[in-house]
2 protein chains.
Amino acid sequence: MSKHRSVTIVDIAEAAGVSIATVSNVLNRRKVPMSEETIRKVEKAAEELGYRRNVMAASLSRKKSYELGLIVPGFIGYYGVFAEEMERTAHRFGYHMSVFSAGGYDPDMEKRHLDVLLQRRVDGLFCHGLAMSTETTRQIVSDGTPLVLFNGWNWPEDIAVGAVNLDFADGCRKAVKHLVEQGCRSLFYLERARAHETNKQRLLGFHDGVKQWAPDIPSFVLDGDTRPLQELVRMTKEMSGGRGPVGILAFDDLVALRFMSAVLEEGMKVPEDYKIHGINNDVISSSCYPQLTTLDIPYSQQAQLAIRLMLAELGEEEKLARASQLPPLPAREGNEIRIPLTPMLRKSTQ
Amino acid sequence: MSKHRSVTIVDIAEAAGVSIATVSNVLNRRKVPMSEETIRKVEKAAEELGYRRNVMAASLSRKKSYELGLIVPGFIGYYGVFAEEMERTAHRFGYHMSVFSAGGYDPDMEKRHLDVLLQRRVDGLFCHGLAMSTETTRQIVSDGTPLVLFNGWNWPEDIAVGAVNLDFADGCRKAVKHLVEQGCRSLFYLERARAHETNKQRLLGFHDGVKQWAPDIPSFVLDGDTRPLQELVRMTKEMSGGRGPVGILAFDDLVALRFMSAVLEEGMKVPEDYKIHGINNDVISSSCYPQLTTLDIPYSQQAQLAIRLMLAELGEEEKLARASQLPPLPAREGNEIRIPLTPMLRKSTQ
DNA sequence: CTGAAAGCGCTTACAG
DNA sequence: CTGAAAGCGCTTACAG
């Protein structure tokens, strides 16, 4: 209430005429037995004084912060939605999620954020497949704070307790199949090399798909970040040799939308001349015209799995039990959980 | 280094052969004088032991957390970008920003988040014009934690130390002027009523604009959330009476894009039949086709102003001084700082 | 220039 | 069922 000193358990103890230990016991509903009377008095005092627990003190004393850290490259598109979902899910399990945006794939930023989070003594850390090196990461988390990766591939087990990965490779394989079935006579993957591993997985799937479904169709990989889009469109036109619909698989829906806009601006038609396939089922993919075929991402599933993995590591079995009505943990290969992506077929490829 | 007990200043003190007070002094580079020798020894020990400060302990002892809280309705669109900018800016001033997403305009969520933040003893709070009532908010922040609003209008001064608002009203006035100049013969504002005050400000500007620039042109307000878009398009077509280009001012770029898509799907043309004006200069507005005319938002300016307002309130004058090369604080009316929006003219209205 | 001591607000054995 | 006491890791007057 006062502007300058907040109410503490000492105040409550005085007001209720009990010890601070008892106040603490009552307020934390521990399994220790206590009289109705005491409970009533303490709760009343706490209420009247407008008590608000100081979590820093509690964490310090308990040596556990109930805070989890999350580092994402940014808040737009996939990562923003995922961060929101992680935050919500953490809350459901009684944890607080501290989210950091590294402003892109920046190793220095990631290092600094990791440091800050560790200084805050978070109980666990979630990171996308980091921009940092294995060695740097190992050093940083060597203090024993568990690290769970999402969309991180090929990380040694001694660094991360596990990874929860979207199966981009498989999704892209299916995307290629779809484009081929729709009659595309040439295939392009519009990559984003600076997205590191998350790009490589797509690339892998693209190549696999081509090999499997269209070994005889010319296929190319272009980096969407290196040139103006108009130029890219012209390149695809030329490289495709005018032999029929061009199939485009884009790194994500935003890249897809931009490319599509450039195509339309050049006076060509989607899906007649170009069939365009995005990834993420971003809200924009269903808001644009024509709507974009894309891969849907089960955000809440990914968030739940990541957090359950963490809680298991933290030995919070009871909280996991409470969540037993959730779908069981899928099969793991090594320490990776792979989550399938669902195609969303829309106008842009049909 | 150990997996189970992290290094404390006690360890450093032992290793360096000094007291913990000295360790603390060295590590925090206070203005107290100390010998080169001591500094060297302590730093060496800290380095070798892999010391990482426990900020909870430091905050508790110092009674200041250097943590700031931010509550936004979500991470997509404007709020995501703004949150990122706030986080970055806070860091620059030596603060940590804890961001919460309320998952929409949900009073209960906002209350809970506010509570959590207060339990963490954040030094200050940033909120958008809350979904909560004045009274509820007053109760919650009555403990003296300063509250700075962004895009919050008409809040009593005893609750918030100030507000940093985007001037949507003025922006929308200009938008109407632009649409009229481009020859629109009817005007629509596609509102989003559930966005509360941030919608009302736009509405205000729309009405003002109509009154000033097009008192004789029929104008209407439609809520984009209440009906399917196709239906809205048909309604606008009917209400406009086919007397020339229809002017649309949308709540934001996403609403604008969706409406535009529906228009195109109906076989009509943008900008010939419909001229569409968004708000936010969201990345989608320049990624779609035709590109959307919109209002640009000076994110970094808004974030800086909000944080400087807070730091001033917290008495961090020195940190503000360090930032003196920043643009000066704009004029304030009451406790409001109003930031103008810049029109970005693009294809969709020309 | 350095250190002993009190204190930040809470939790947790442990004794009663 | 309740409370005295130690302790979490750090900071900050203050004395020397």
Side-chain angles (χ1 to χ4, degrees), chain A residues 2 4-43 45-46 49-67 118-123 143 145, chain B residues 2 4-43 45-46 49-67 118-123 143 145:
Chain A
S2 133
H4 295 304
R5 205 183 70 80
S6 42
V7 180
T8 73
I9 54 171
V10 173
D11 302 312
I12 299 183
E14 272 172 18
V18 297
S19 75
I20 61 166
T22 299
V23 173
S24 179
N25 282 338
V26 171
L27 262 26
N28 295 310
R29 303 239 159 284
R30 295 150 45 71
K31 52 245 118 201
V32 302
M34 3 181 207
S35 77
E36 281 303 321
E37 169 69 0
T38 308
I39 295 181
R40 217 188 34 66
K41 279 192 306 190
V42 170
E43 283 179 340
L49 294 173
Y51 172 71
R52 187 144 31 205
R53 188 165 184 249
N54 183 326
V55 306
M56 295 186 301
S59 301
L60 182 60
S61 164
R62 206 195 291 113
K63 307 205 74 161
K64 161 135 180 125
S65 66
Y66 287 97
E67 179 174 356
L118 258 13
Q119 285 187 194
R120 302 178 68 78
R121 297 297 189 270
V122 292
D123 294 336
D143 67 353
T145 307
Chain B
S2 134
H4 296 303
R5 204 184 70 80
S6 44
V7 180
T8 73
I9 54 172
V10 174
D11 302 313
I12 299 183
E14 272 173 17
V18 297
S19 74
I20 62 165
T22 299
V23 172
S24 179
N25 283 338
V26 171
L27 261 26
N28 295 310
R29 303 240 160 283
R30 295 150 44 72
K31 52 243 115 199
V32 303
M34 2 179 209
S35 77
E36 281 304 321
E37 170 68 359
T38 307
I39 295 181
R40 216 186 37 67
K41 279 190 306 187
V42 170
E43 283 180 339
L49 294 172
Y51 173 71
R52 188 144 28 204
R53 190 167 184 245
N54 183 326
V55 306
M56 295 187 301
S59 301
L60 182 60
S61 163
R62 206 194 291 114
K63 307 203 74 158
K64 160 132 182 128
S65 67
Y66 287 98
E67 179 175 355
L118 258 14
Q119 285 188 193
R120 301 178 67 80
R121 297 298 188 271
V122 292
D123 295 335
D143 67 353
T145 307

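Given the structure is predicted, the values throughout are model-derived calculations rather than measurements. The sequence lines fix the lettering, A, B, ..., with proteins before strands; numbering per chain opens at 1.
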request  = Assign B/A58 to base, sugar-phosphate, or nothing according to its heavy-atom contacts below 4.0 angstrom with the strands shown.
outcome  = sugar-phosphate

ask   = If you find the nucleotide of DNA chain C closest to B/T22 and the one closest to A/V10, which residue's nucleotide is nearer the 5' end?
value = B/T22

query = Across the strands shown, which category fits B/T38 at heavy-atom distances under 4.0 angstrom: base, sugar-phosphate, nothing?
reply = sugar-phosphate

query = Given side chains that start at C-beta, do those of B/I12 and B/V26 come closer than 4.5 Å, heavy atoms only?
reply = no

remark   = So CG of A/N25 and OG of A/S19: to nearest 0.5 Å the spacing works out to 7.5 Å

task = Please round to the nearest 0.5 Å and tell me the distance separating atom CE of A/M56 and atom CZ of A/R120.
result = 9.5 Å

query = Between A/L27 and A/Y51, does a side-chain contact (heavy atoms from CB on, under 4.5 Å) hold up when you go through it step by step?
reply = CA-CA 10 Å; A/L27 262 26; A/Y51 172 71; 3.7 Å; yes

request  = Name the nucleic acid region contacted by B/V32, choosing base, sugar-phosphate or nothing; use a 4.0 angstrom heavy-atom cut-off, strictly under.
outcome  = nothing

query = With no hydrogens and no angle check, is any side-chain donor or acceptor of B/R121 less than 3.5 Å from a backbone partner on A/R53?
reply = yes

task = Report the base-pairing partner of C/dC14 (Watson-Crick or G-U wobble, both distances below 3.5 angstrom), or none.
result = D/dG3

task = Anything under 4.0 Å to a heavy atom of chain B counts; send over the first and last such nucleotide of DNA chain D, read 5' to 3'.
result = D/dG9 to D/dT12

request  = With the side chain counted from C-beta on, respond yes when B/N54 and B/T8 share a heavy-atom pair under 4.5 Å apart, and no when they do not.
outcome  = no

Most 5' of B/A21 and A/S59 on DNA chain C, judged by nearest nucleotide = B/A21

